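Down below is the structure, laid out as structure tokens.
Labels below follow one simple rule: chain letters A, B, ... track the order of the sequence lines, proteins then strands, and each chain is numbered from 1. Quantities reported herein were computed from a predicted structural model and do not represent experimental measurements.
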Amino acid sequence: MIDRRLIRDNPERVREGLTRRQAGADLLDKVFQLDRIHRTNIHSIETLQHERNVASQEIATRKKQGEDIENLHASMKVTSAKIKELEATNKAIEEELDVLLLTIPNLPHASVPDGADAASNKVVRTVGTAKKPFDDVLPHWEMGEKLGILDLEAGRIVSGRGFIVFRGDGALLCRALIQLMLDMHIEQGYVEVSIPFLVHRASMTGTGQLPKFEVDMYRCAEDDLFLIPTAEVPVTNLHRESTLEKDKLPIRYCAYSPCFRREAGSHGADTRGLLRVHQFDKVEMVKFVHPDSSYDELETLTTDATAVLDALELPYRVVTLCAGDLGFASAKTYDLETYAPGVDKWLEVSSCSNFEDFQARRAEIRLRKSDGEKHKFVHTLNGSGLALPRVVASILEVHQTPTGRVRIPAKLRPYMRGKEFLG
RNA sequence: GGAGAGGUGGCCGAGUAGGUCUAAGGCGACGGUUUGCUAAACCGUUGUACGGGCUUAAACCUGUACCGAGGGUUCGAAUCCCUCCCUCUCCGCCA
């Protein structure tokens with residue numbers, strides 16, 4: 001959530017940022033206007049309350065002395081009614097204001113390039129080469145089914161399209177990847193946490209999935225709980241409504257979780273194989289940092305994620321998202337894309353973002369101030385390290401051999417019972 | 001699912017026959033005095049949010065709200081009433 005005061009004091013800056021990310025700035029005028037009325041009302045209410053407090057005191061004193069207080073009673077009754085009325089009005093305004101504010105996306109950081117959509121994203125660096133290892137590389141779904149490690153039909157039978165079943169080495173590969181990633185991140189200084197996969201509304205609102213994107217979530221109506229679309233939600237909310245000590249920062253977590261996404265509105269895109277599914281496994285990194293260092297932390301977060309791609313010997317590129325392609329809560333995002341020669345595509349396997357204080361303000365994750373300092377929020381960041389199915393797809397295509405086998409990268413072999421090839 | 005107990009500041013904890021509660025006291029933290037150093041002792045400070053004033057800004061001054069949440073009664077609510085949420089204990093059920 002954007003600071004209300006920023007909208008009040010510097011509406012043009014907010015307008016500019018929203019325009020840059022292709023978000024309508026029309027809500028802004030409404031917020032500006034409501035905020036002003038809200039403050040005027042507060043002033044009136046407080047004046048009346050002050051009046052009431054003084055009178056109450058006087059009534060108490062006079063009553064002790066046995067004086068007549070009927071007049072005061074009568075006039076205070078009127079005052080109280082006025083207060084009640086104004087409070088009701090202002091509560092309505094505040095609710096409206098909250099909804100509006102929760103719907104406004106974060107502002108892009110100054111270093112984020114201009115642009116309306118993904119076409120304007122900038123490649124920061126490329127590692128390895130994006131080319132076919134040999135001519136007729138099979139797409140991952142064909143390779144996977146040929147090896148008997150991927151069973152898309154079974155997924156359809158059990159749960160419908162978009163759900164996948166891995167068998168044998170396929171299942172082992174998933175488990176191995178999760179383990180490798182977690183071990184690497186622990187080595188990099190992250191604390192592993194194991195978290196709930198169902199969360200309530202407040203958590204979803206804290207990280208920004210709600211109220212705007214409810215249709216994208218799986219929801220258990222009976223208990224009003226949501227299946228998490230990413231571990232970012234429970235992990236970031238670990239510190240919801242709390243104040244963090246400066247000397248405890250940065251806090252770095254990593255976590256494995258399955259991720260559930262309805263993918264509403266994206267039917268027809270990437271329907272084959274592992275590229276777009278309703279449930280997938282992911283290892284996520286989350287950081288809580290001091291505002292001064294959040295952009296440095298974004299860089300190391302990104303290299304902590306690319307280290308996994310290096311370990312898996314996969315070619316990849318790091319892309320800075322342009323303002324128009326930025327996620328709702330993010331101020332700056334690097335996407336990591338690995339090349340899959342079988343489908344000839346760059347696959348997004350990670351998204352590393354700095355949310356600055358956008359999530360922290362929503363989730364009330366504060367930073368304890370030192371003397372004479374204005375009260376602050378921490379900055380939160382997260383990045384996948386990495387999302388599994390697309391990594392598996394990439395492995396099945398990049399490490400494919402002309403003889404129809406798939407080589408297991410050396411760093412992964414200890415987690416794969418020492419095997420060199422899949423299947 | 002059933003029964004009971006309870007939710008008060010960073011933490012512990014008092015306070016409910018409504019009116020200096022402007023929330024005691026303690027701990028912790030911070031500052032100071034003392035001290036060769038540390039500790040102890042003593043003195044002092046100590047929340048959050050939102051307004052207003054002053055200001056480049058901070059500091060500061062001032063006001064209001066906040067005792068789980070929301071309503072109600074009242075001139076006045078931590079205190080009385082209603083609804084809801086959460087935590088704990090016991091019982092039941094269960095991997």
Partner nucleotide of B:A59 by Watson-Crick or wobble geometry (both distances under 3.5 Å): none
Spacing between A:M1 atom CE and B:A49 atom P, to the nearest angstrom: 13 Å
Length of the CZ-C1' vector between A:F377 and B:A49, whole Å: 10 Å
Enclosure of A:R156 CZ (heavy-atom neighbours >12, cutoff 6.0 Å): yes
Under 3.5 Å on both distances, the Watson-Crick or G-U partner of B:C94: none
Trace of the salt bridge (charged side-chain N to carboxylate O under 4.0 Å, His left out) decision for A:R201 with A:E214: CA-CA 10 Å; A:R201 216 161 252 285; A:E214 185 154 353; 3.2 Å; yes
Spacing of the P atoms in B:G9 and B:C82 (rounded, Å): 24 Å
Residues A:R5 and A:D9 bridged, charged N to O under 4.0 Å: no
Pairing partner (Watson-Crick or G-U wobble, both distances under 3.5 angstrom) of B:A5: B:U87
Rounded C1' spacing from B:G70 to B:U55 in Å: 40 Å
Gap between atoms CD and C1', on A:E364 and B:C50 respectively (whole Å): 14 Å
Complement of B:U16, any strand, by Watson-Crick or G-U distances under 3.5 angstrom: none
Touch class at under 4.0 angstrom, heavy-atom based, for A:R8 against every strand present: sugar-phosphate
Residue A:S56, side-chain atoms from C-beta onward, closest of B:C75, B:G52, B:U64: B:C75
Nearest-angstrom distance from the residue atom CD1 of A:I37 to P of B:G51: 15 Å
side-chain N/O A:S80 vs B:G76 OP1/OP2, d < 4.0 Å: yes
Residue whose closest nucleotide on RNA chain B lies nearer the 5' end, A:H50 versus A:M76: A:H50
Gap between atoms CG and C1', on A:L97 and B:A49 respectively (whole Å): 15 Å
Atom-to-atom span, CD of A:E46 to P of B:U62 - whole angstrom: 15 Å
A:F328 and A:F358 aromatic centres sub-6.0 Å: yes
Nucleotide paired to B:A41 in any strand shown, Watson-Crick or G-U, under 3.5 Å: B:U33
Under 4.0 angstrom between A:R52 side-chain N/O and B:U64 OP1 or OP2: no
Whole-angstrom distance between B:U8 and B:C66, as gauged at atom C1': 11 Å
Pairwise C1' distance, B:G13 and B:G18 [rounded to whole Å]: 23 Å
Aromatic plane relationship, A:F288 with A:H239 - under 30° parallel, 30 to 60° tilted, over 60° perpendicular: perpendicular
Neighbour count above 12 (heavy atom, 6.0 Å) for A:R407 CZ: yes
Base-pairing mate for B:C54 - Watson-Crick or G-U, with both contacts under 3.5 Å: none
For RNA chain B, the residues among residues 84-95 of chain A that have a non-hydrogen atom under 4.0 Å from it: A:K84, A:K91
Distance, P atom - from B:C81 to B:G19, rounded to whole angstrom: 15 Å
Counterpart base for B:U22, defined by Watson-Crick or G-U wobble contacts under 3.5 Å: none
Separation of atom CZ in A:R5 from atom C1' in B:G52, rounded to whole Å: 13 Å
A:D114/A:R20 ion pair, N-O < 4.0 Å: yes
Phosphate OP1/OP2 of B:C50 contacted by A:R39 side-chain N/O (<4.0 Å): no
Distance between C1' atoms of B:C30 and B:G10 (Å, rounded): 13 Å
Atom CZ of A:R8: over 12 foreign heavy atoms under 6.0 Å: yes
Span that lies between the C1' atom of B:A5 and that of B:G68, in whole angstrom: 15 Å
N or O in side chain of A:N53 less than 4.0 angstrom from B:U64 OP1/OP2: yes
Residues A:D35, A:R39: salt bridge by 4.0 Å N-O rule: yes
C1' gap between B:C60 and B:C75, integer Å: 35 Å
Sugar-phosphate only, base, or nothing, as touched by A:I59 at under 4.0 Å among non-hydrogen atoms: base
Distance in angstrom units between A:I7 CD1 and B:C50 P, rounded: 14 Å
Complement of B:A49, any strand, by Watson-Crick or G-U distances under 3.5 angstrom: B:U64
Sugar-phosphate, base or nothing in reach of A:H73, heavy atoms under 4.0 Å: base
Residues A:R62, A:E58: salt bridge by 4.0 Å N-O rule: yes
